[in-house]
There are 2 protein chains.
Amino acid sequence: MGHMSDGARPPLTTRIMIGLNAVLAAIDGDRPLVLCTKAKGDKGLWGLPYGPFDPVRQRTFELGLRDFVAEQTRMRLGYVEQLYTFGDKGREAPSAVFEGGGAEDRIVSVGYLALAPGAEPVAMENTAWRNWYDHFPWEDWRDGEPRILSERIIPALQNWVDDAESPAEQRNRRDRVVLAFGYEESGWEEERTLDRYELLYEAGIVTEAEQDGLGETLPFQIVEAPMISDHRRILATAIGRLRGKLRYRPIIFEMMPPAFTLLDLQRSVEAIIGFPLHKQNFRRGIDNSGLVVKTGNVSAETGGRPAAMFRFDRSRVTGKAAQDRTIKGLTLPRLRQSPNAKLRAS
Amino acid sequence: MGHMSDGARPPLTTRIMIGLNAVLAAIDGDRPLVLCTKAKGDKGLWGLPYGPFDPVRQRTFELGLRDFVAEQTRMRLGYVEQLYTFGDKGREAPSAVFEGGGAEDRIVSVGYLALAPGAEPVAMENTAWRNWYDHFPWEDWRDGEPRILSERIIPALQNWVDDAESPAEQRNRRDRVVLAFGYEESGWEEERTLDRYELLYEAGIVTEAEQDGLGETLPFQIVEAPMISDHRRILATAIGRLRGKLRYRPIIFEMMPPAFTLLDLQRSVEAIIGFPLHKQNFRRGIDNSGLVVKTGNVSAETGGRPAAMFRFDRSRVTGKAAQDRTIKGLTLPRLRQSPNAKLRAS
DNA sequence: CCTATATATGCTCTAGTTGAGTATTATTAA
DNA sequence: TTAATAATACTCAACTAGAGCATATATAGG
């Protein structure tokens, strides 16, 4: 295999180090949660759990991830999926991440999405489940268009578009905004979380502390809640991936308790995708997906007529039971015009 | 940020090296192509172009990728997308990849998918465009179910299922086969390319030369055409990603020449997804996607009535023109019962 | 010119899916 | 008993997807 260009060997003074980042997501009622850690010396900013990859002891990234998450948070991961590998120069200061790391080292981080069936309380200090919309307030449309979007972000984006140096660049910026935020005809696509974040970042509307070198000079910065390093970007990637995957894989059940009502399920899905669903059509979709079966119990939790409890039926994904239809994920019957946005779906 | 576990710093004797792998795909008529290289000393096996990532000189992976592909193949990449990062221990022998690499080093490779608008001939020795179905004969259903699948692969998989040690494991294997290969009800899902490859690999039905340590002892091996290292796995990932993405992004146009007929477009899509489409419904789908516009010219290439030429209309993806509908990708109107599988779609 | 052949392109029909809403049922609290 | 709160059942219309028929415009060969 020796046909690579010469000079390939990196000088010993520049080492590559690999960090593993975990986006551990769970749902609590109608709150989508992500496990965060806060480190001293980071001005109180939150970050994602991360750990170094040890090339000697760890056979695969995934095993390494499971190890350090268990060590840091006492949680054992279930569903795990690789997201993306972030390798841009300057994305973090090596010495801040790896003990013994020097400024000349290069840190690459591999982000993973992990799903938990519930948000067990974590006893560790500086570790907490946080609502991910605290860091992405523009992504939650469950009560209608977020005010921060219409009142602050869109005007700021408009300024950014107007600020472009050439008409071509202006058109390009405008198109990107329209596409990412679904204005005009195209419509909000919930899975474009990363596109939106990157646009806001590029426009200087969000920023991640000082290490980005943009300091206080940003013209349009208006949205707070940064995270350390590029962790908010990693979280945006995770949210987008999870949202997109709901449609074609029965992944939501990785985040559900063993038994649940259909409304529980609906609230969980809504928490993730960030917009309300049409209740009757949602259950119709669930119903003929064949993904769940009744347990026989009922829940009298909520005041009205008791709801039947369901559980995920794994045999439906393959087995003879699945009859004719291809099992994919969930149908997400959007509620277009909510009669009263304040009151959720009827 | 210094809250990582100690002992994080890898000993200097184990270095991490990062390789970049490019799956450069193009279409020629009805042949889906991938740019391959053949190295001496690899028993004549084909592989993907790859190069080391230089942490000193290269600011991002993507720039590094573009550099080494330009150097190795004289091609400038257009559309590029990160696929996956492969880091399992033992996936390749470092000394074979990096000059100066030692057995104690750890190689991680970041795979990328790149799309070319056409397969320009490459003048480089040991570099060629190859039909990707040469390495995945079971993935091409354009002329009906591939014989290798029904005659050899499925029986071998059946043996593998029967071979399971426990009934539970047997059921598990069976379910995985059913799901990946779409037998019984669920139906063939073209984007599960990687699932299928991994299943075949696990069952010992495909193998990648000797470094996998399985040697000649495989009970069921029946499919040839391996590639070096884990390049066939990377290619499977790329094919799956590309197939899946066609449905929701207008990515096919990255692989088309500036002007084309609708049949050209259909043949290209069919080449990628590996099954035939219903012609009239395909054009209906293209038509009301609004993704293309007539150039005004016609093509008298094929013998029958001349076909109108079209071009991709980028303005449709955002612009005012897009009217009401959300522009996604293509509809893929499957042709279920081909009247005569030998004759493609009517 | 006329005919066979080949493909492009237009149109219809049907079944299933999706968005939306109405109606009915089973509880608890006042 | 009534109001409130949900759960659950059903209906309806618009649209989408699979299928196939019909017509239009070329070329090749008499």
Side-chain angles (χ1 to χ4, degrees), chain A residues 29-30 187 247-248 260-267 275-290 292 294-310 323-340 343-346, chain B residues 29-30 187 247-248 260-267 269 273 275-290 292 294-310 323-340 343-346:
Chain A
D30 61 358
R247 281 215 160 76
Y248 60 97
F260 46 83
T261 69
L262 293 185
L263 190 60
D264 291 340
L265 186 62
Q266 184 181 342
R267 292 288 175 248
F275 60 82
L277 298 174
H278 186 284
K279 186 171 176 172
Q280 299 92 320
N281 291 345
F282 178 76
R283 28 174 73 237
R284 176 178 60 187
I286 298 297
D287 210 64
N288 48 28
S289 79
V292 301
K294 284 190 179 168
T295 64
N297 301 330
V298 292
S299 152
E301 291 285 292
T302 41
R305 171 175 172 176
M309 303 288 287
F310 291 81
Q323 306 292 0
D324 42 359
R325 65 181 53 262
T326 306
I327 305 304
K328 300 181 173 185
L330 306 180
T331 59
L332 303 181
R334 269 197 136 95
L335 196 58
R336 304 291 178 87
Q337 62 277 48
S338 29
N340 182 346
L343 297 178
R344 294 294 163 79
S346 70
Chain B
D30 62 356
R247 281 214 161 77
Y248 59 97
F260 46 82
T261 69
L262 293 185
L263 190 59
D264 291 340
L265 186 63
Q266 183 181 343
R267 293 286 175 249
V269 172
I273 61 180
F275 59 81
L277 298 175
H278 186 284
K279 184 170 175 172
Q280 298 93 320
N281 291 344
F282 178 76
R283 24 174 78 236
R284 176 177 60 189
I286 297 297
D287 210 61
N288 49 28
S289 78
V292 300
K294 282 190 180 169
T295 65
N297 301 329
V298 292
S299 152
E301 291 285 291
T302 41
R305 172 174 170 175
M309 302 288 286
F310 291 81
Q323 305 292 0
D324 43 1
R325 63 181 53 263
T326 306
I327 305 303
K328 301 180 170 183
L330 306 179
T331 59
L332 303 181
R334 273 195 133 96
L335 196 58
R336 304 291 179 87
Q337 63 276 50
S338 30
N340 182 346
L343 297 178
R344 294 293 162 79
S346 71

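Per chain, numbering begins at 1; letters A, B, ... match sequence-line order. The model shown is predicted, which means the values in this text are computed figures rather than measured ones. Reckoned from all heavy atoms, side chains included, excluding hydrogens, waters and symmetry mates.
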Could you check how far CG of A/Leu332 sits from C1' of C/dA20, rounded to whole Å? 17 Å
Minimal non-hydrogen separation, A/Ser289 against A/Ile286, with atom names: OG-O, 2.7 Å
Indicate, with a heavy-atom threshold strictly under 4.0 Å, whether A/Leu263 touches base, sugar-phosphate, or nothing. sugar-phosphate
Start at the 5' end of DNA chain D and walk down; is the nucleotide closest to A/Gly304 or to A/Ala308 reached first? A/Gly304
Which whole-number value in Å describes the distance from A/Arg284 CZ to D/dC10 C1'? 10 Å
Return the 5'-most residue of the pair A/Asp287, B/Pro306 with respect to DNA chain D, ranking by each residue's nearest nucleotide. A/Asp287
Spell out, as yes or no, whether a donor-acceptor pair under 3.5 Å connects the side chain of B/Thr331 to the backbone of B/Pro333. no
Within this structure, what is the CZ-to-P distance between A/Phe282 and D/dA6, rounded to whole angstrom? 17 Å
B/Leu265 side, atom CG; B/Phe282 side, atom CZ - distance, nearest 0.5 Å: 4.0 Å
What is the distance, rounded to the nearest whole Å, between atom CG of A/Asn288 and atom C1' of C/dT18? 11 Å
d(B/Thr261 OG1, B/Arg283 CZ) to nearest 0.5 Å is 8.0 Å
Distance, rounded to the nearest Å, where A/Lys279 contributes NZ and D/dC10 contributes C1': 16 Å
Ranking D/dA7, D/dA19, C/dG21 by distance to the side chain of B/Asn281, first place goes to D/dA19
For nucleotides 21-24 of chain D, tabulate all protein N/O to nucleotide N/O atom pairs closer than 3.5 Å, reporting atom names and distance.
residue : atom : partner  : partner atom : Å
D/dC21  : N4   : B/Gln280 : NE2          : 2.5
D/dA24  : O4'  : B/Arg305 : NH1          : 3.4
D/dA24  : N3   : B/Arg305 : NH1          : 3.3

Checking C/dT18, D/dA17, C/dG19 against the side chain of A/Thr331 (C-beta onward), the nearest is C/dT18
Could you state the CG-P distance from A/Leu330 to C/dT17, rounded to the nearest angstrom? 16 Å
Between the main-chain N or O of B/Arg284 and the side-chain N or O of B/Asp287, is there a donor-acceptor pair closer than 3.5 Å? no
Tell me whether the OP1 or OP2 atom of D/dT8 has a side-chain N or O from A/Arg283 closer than 4.0 Å. yes
Step-by-step side chain to side chain contact (heavy atoms under 4.5 Å, CB included) determination, B/Val292 to B/Phe260: CA-CA 10 Å; B/Val292 300; B/Phe260 46 82; 4.0 Å; yes
How long is the line joining NE2 of B/His278 and C1' of D/dT16, in whole Å? 14 Å
Atom pair distance, as rounded to whole Å: CD1 in A/Ile286 and C1' in C/dT17: 15 Å
When every non-hydrogen atom of A/His278 is compared with those of A/Gln266, the smallest separation belongs to C-NE2, 4.4 Å
